[in-house]
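Comments concern the structure below.
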Amino acid sequence: GTTAVQVKPEEFTLSVPGRAAVSYDSRATDSMQKRLNPLALAPGEEAVGLLIFPVPESKEYTLYYHGESGKIEKRFKME
């Protein structure tokens, strides 16, 4: 795209197999120095930040993004 995308922490959820997706824990996340804050990303720009989710430990996770600019689903396997 050619326009900036607004990204907000509340647009992310995380799930483990067999469980519903949950929102991040704002109290725990807000205490972190490198937390993900709301921001505008220009095309090609990247951002890094922490979000803490209250999910059980697992070997697989799925991160979901549902924002103004669309949806993304990313699966992670821990080895």
Side-chain angles (χ1 to χ4, degrees):
T2 58
T3 59
V5 175
Q6 299 295 319
V7 178
K8 302 174 202 138
E10 57 270 13
E11 296 171 333
F12 292 89
T13 56
L14 186 74
S15 70
V16 296
R19 302 259 181 134
V22 297
S23 297
Y24 80 109
D25 182 331
S26 60
R27 287 181 90 188
T29 298
D30 288 349
S31 69
M32 303 299 293
Q33 189 173 18
K34 294 185 179 187
R35 67 188 172 272
L36 179 67
N37 290 310
L39 61 122
L41 287 175
E45 192 175 21
E46 297 180 3
V48 176
L50 299 173
L51 294 174
I52 298 174
F53 293 91
V55 295
E57 189 172 327
S58 178
K59 292 199 180 277
E60 292 183 37
Y61 299 90
T62 304
L63 180 67
Y64 303 91
Y65 170 77
H66 298 271
E68 294 176 15
S69 58
K71 298 182 203 178
I72 299 172
E73 181 178 318
K74 178 69 177 169
R75 296 178 195 267
F76 298 91
K77 281 195 174 198
M78 312 307 269
E79 297 189 27

task: Using the side-chain contact (heavy atoms from CB on, under 4.5 Å) rule, pick out the option among Leu36, Ile52, Thr29 that qualifies with Tyr24.
output: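 Of Leu36, Ile52, Thr29, side-chain contact (heavy atoms from CB on, under 4.5 Å) with Tyr24 is met by Thr29 alone.
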[X] [atom1] to [Y] [atom2] distance, which is reported to the nearest 0.5 Å:
X: Thr62; Y: Arg19; atom1: OG1; atom2: CZ; value: 14.0 Å
X: Lys8; Y: Asn37; atom1: NZ; atom2: CG; value: 13.5 Å
X: Glu57; Y: Met78; atom1: CD; atom2: CE; value: 9.0 Å
X: Ser15; Y: Arg75; atom1: OG; atom2: CZ; value: 7.5 Å

field: Tyr64 versus Glu73, side-chain donor and acceptor atoms under 3.5 Å
entry: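 Note: Glu73 and Tyr64 side chains miss the donor-acceptor criterion.
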Shortest non-hydrogen contact from [X] toward [Y]:
X: Ala40; Y: Gln6; value: CB-NE2, 3.3 Å
X: Tyr61; Y: Val55; value: CE2-CG2, 4.0 Å
X: Pro43; Y: Ala4; value: CD-N, 4.3 Å

- prompt: Would you say Arg35's side chain and Met32's backbone share a donor-acceptor pair under 3.5 angstrom?
  reply: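 Yes: the side chain of Arg35 pairs with the backbone of Met32.
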message: Assigning hydrophobic clusters by single linkage (Ile, Leu, Val, Met, Phe, Trp, Tyr; side-chain heavy-atom cutoff under 4.5 Å), is Leu50 placed with Leu63?
response: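 Cluster IDs for Leu50 and Leu63 differ.
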